[in-house]
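Contents: one structure, followed by commentary.
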Amino acid sequence: MLCATACVQPERPDPFVRVDSAGVRIVESTSAAWSPGQEWRVDPEPAFRLGDDEDDPSSQFFRVLDAALLAGGDVIVVDGGTSEVRRYDAGGRHLWSAGGSGEGPGEFQSPRYLGRRQDGAFLIWDRSLSRLSVLGEQGDLIATERPSVGGSEFVAQGLFDDGAWLVTFPVSIAAPEAGTTWADTIGLWRYDPVQRDRVRLATIPGQRWIWTGRHMLPVPFSPRPLRAIDGTRLAVASGPDAQVSLRDAAGSLVARHRIVRNRQPVSGADITRAIESLVEIGQSGADAAVWREWGNRMESPGYEPAFDQLLTEPDGTIWARRFQSNPVSRESPTWDVFDPTGVYLGPVSTPGALTVLAIRDGLLAGVYRDELGVEYVSVHRVVGERR
């Protein structure tokens with residue numbers, strides 16, 4: 001069809017914003033806010049990739065546990081194979097390595113990057129040792145401590161902007177009878193390391209399991225308990241609705257960011273394919289015969305989870321990855337992006353075989369695995385103008 005003067009693009013409906021009786025700000029988007037040409041995209045060619053130099057131990061990775069982007073583009077990588085924390089500059093040059101396998105001061109068994117304090121120190125949590133290590137700007141060990149709340153050990157998950165920690169408390173489950181199913185519900189708490197007190201922020205329904213008497217098998221398509229820190233707030237998501245909820249430092253629900261779209265139903269064929277992928281990766285150590293026997297006893301959800309990963313940027317932008325039923329898929333995943341006000345901007349695809357771990361300041365970092373399973377840390381540019 002020809003336009004005599006100019007073709008007018010149809011207007012996209014504005015998101016519906018309201019505040020409910022409890023003071024919760026709800027933003028519902030029926031379509032993407034980006035107009036054609038405004039969409040963000042991730043450059044498939046990395047700005048730099050770590051792991052190509054076979055002669056440099058600092059450029060070799062095995063079982064990367066975490067990665068983070070710092071202001072200015074530096075990268076922190078936690079390598080599980082060496083139990084090291086490594087820092088690289090914005091061009092990929094190795095700056096320092098800290099740690100190593102062990103239980104002594106400055107050593108790690110199962111390290112995770114907790115965050116960076118306002119004084120510039122890096123906080124490393126060791127889940128196996130229930131221990132916090134504080135590293136200086138050059139990777140030097142400043143302090144080590146084993147904090148607890150009322151004698152109860154916890155697992156630190158992240159660092160809020162005001163210095164409080166996001167933590168969970170392990171739950172012990174007695175050995176059930178074969179055929180028992182249960183939900184792995186996650187309680188999330190805010191812990192003040194100065195006052196040594198805690199506030200419950202949220203309880204998220206999570207993965208369902210079935211016990212065979214020998215193997216603990218995950219029920220395909222059961223909810224994922226997703227969480228991410230948004231400044232001093234906590235972002236959470238779970239279940240089949242495309243929605244992210246935000247809770248403040250007191251645990252009060254303050255906002256919901258929603259995309260209005262249909263839930264995705266789960267068919268018998270979907271369940272079969274999901275189980276085949278779990279067998280392929282050796283999930284729970286169970287072989288195909290075990291899965292065939294117990295798969296028929298599982299009561300799978302009728303709908304897929306909307307998301308299976310949640311990340312935030314320092315400016316409040318939220319990225320939620322659309323659910324993928326195949327954990328070994330090398331296809332490009334799609335992320336739904338919300339701006340800091342909760343408006344749905346639109347979808348963004350990230351490179352296949354790349355597990356994204358951090359996004360900030362127009363950069364995206366993650367672990368790329370080639371077809372042989374060799375790991376690389378890859379940093380890519382996010383192209384597109386900010387609103």
Side-chain angles (χ1 to χ4, degrees), residues 50-71 74-89 92-160 163-172 189 191-194 196 198 229 355 357-358 365-369 373-379:
L50 307 172
D52 290 325
D53 190 347
E54 297 181 356
D55 297 324
D56 182 3
S58 69
S59 184
Q60 298 173 12
F61 304 97
F62 174 66
R63 201 166 52 88
V64 172
L65 300 177
D66 211 348
L69 287 163
L70 307 179
D74 283 15
V75 184
I76 294 289
V77 179
V78 181
D79 183 70
T82 59
S83 296
E84 288 182 336
V85 179
R86 305 175 188 170
R87 183 176 181 178
Y88 303 84
D89 69 14
R93 181 172 63 93
H94 177 251
L95 298 178
W96 50 257
S97 294
S101 183
E103 299 183 16
E107 297 176 330
F108 306 113
Q109 287 191 354
S110 183
R112 293 292 192 281
Y113 179 70
L114 192 60
R116 194 177 191 185
R117 291 192 318 207
Q118 292 183 351
D119 63 2
F122 301 99
L123 305 185
I124 310 300
W125 179 259
D126 194 313
R127 179 165 186 170
S128 295
L129 301 175
S130 297
R131 188 173 74 180
L132 175 76
S133 295
V134 182
L135 303 181
E137 286 275 1
Q138 303 304 317
D140 51 304
L141 180 66
I142 297 175
T144 301
E145 62 174 308
R146 283 190 171 89
S148 65
V149 179
S152 298
E153 293 186 349
F154 54 77
V155 178
Q157 305 282 351
L159 183 68
F160 291 100
W165 303 357
L166 175 64
V167 304
T168 57
F169 289 84
V171 177
S172 298
W189 299 74
Y191 169 72
D192 186 328
V194 177
R196 303 283 178 172
R198 60 179 175 174
I229 287 175
T355 300
L357 297 175
V367 180
Y368 171 79
R369 294 175 177 83
V374 178
E375 296 182 3
Y376 304 82
V377 174
S378 194
V379 177

When rounded to the nearest 0.5 Å, the distance separating OH of Y113 from CG of L159 is 8.0 Å
Do V78 and V64 make a side-chain contact, defined as non-hydrogen atoms from C-beta onward lying under 4.5 Å apart?
no
Residues pairing under salt bridge (charged side-chain N to carboxylate O under 4.0 Å, His left out) where one sits in residues 145-159, two or more places apart or in two chains, turn out to be E145-R196
Correct closest heavy-atom pair for I124 and P111 would be CG2-CB, 3.9 Å
Residue pairs passing the side-chain hydrogen bond (donor to acceptor under 3.5 Å, both in side chains) test with at least one member in residues 98-110, sequence neighbours excluded, are E103-Q109
Rounded to the nearest 0.5 angstrom, the CG-CG distance for D79 and L50 is 11.5 Å
Inset, instruction - Using a 4.5 Å cut-off on heavy atoms from C-beta on, say whether the side chain of P147 contacts that of F154. - result: yes
Between the OG atom in S133 and the CH2 atom in W125, the distance rounded to the nearest 0.5 Å is 10.0 Å
Under 3.5 Å, which donor-acceptor pairs do the side chains of residues 163-170 form with other protein atoms, sequence neighbours left out?
unit_1: T168; atom_1: OG1; unit_2: Q157; atom_2: NE2; d: 3.0

task: Please tell me if the side chains of F122 and V85 come closer than 4.5 Å, counting only heavy atoms from C-beta onward.
output: no
Interatomic distance, OH@Y88 vs CG@L70, rounded to 0.5 Å, equals 13.0 Å
Nearest heavy-atom contact between A68 and A358 is CA-CB, 3.9 Å
With the side chain counted from C-beta on, respond yes when V134 and T144 share a heavy-atom pair under 4.5 Å apart, and no when they do not. no
Residue pairs meeting salt bridge (charged side-chain N to carboxylate O under 4.0 Å, His left out), one or both in residues 120-138, sequence neighbours left out, come to R87-E137, R116-E137
Of all heavy-atom pairs linking G139 and A98, the shortest is O-CB, 3.5 Å
Hits for side-chain contact (heavy atoms from CB on, under 4.5 Å) against F62, two or more places apart or cross-chain, chain-then-number order -> none
Taking every heavy atom of S378 against every heavy atom of Y368, the minimum-distance pair comes out as CB-CB, 4.3 Å
Rounded to the nearest 0.5 angstrom, the CZ-OG distance for R86 and S59 is 8.0 Å
Shortest non-hydrogen pair, I229 vs G158, comes out as CD1-C, 3.5 Å
For Q138, the side-chain contact (heavy atoms from CB on, under 4.5 Å) test, sequence neighbours excluded, returns W96, D140
Rounding to 0.5 Å, atoms CD (Q60) and CG (D55) come to a distance of 8.0 Å
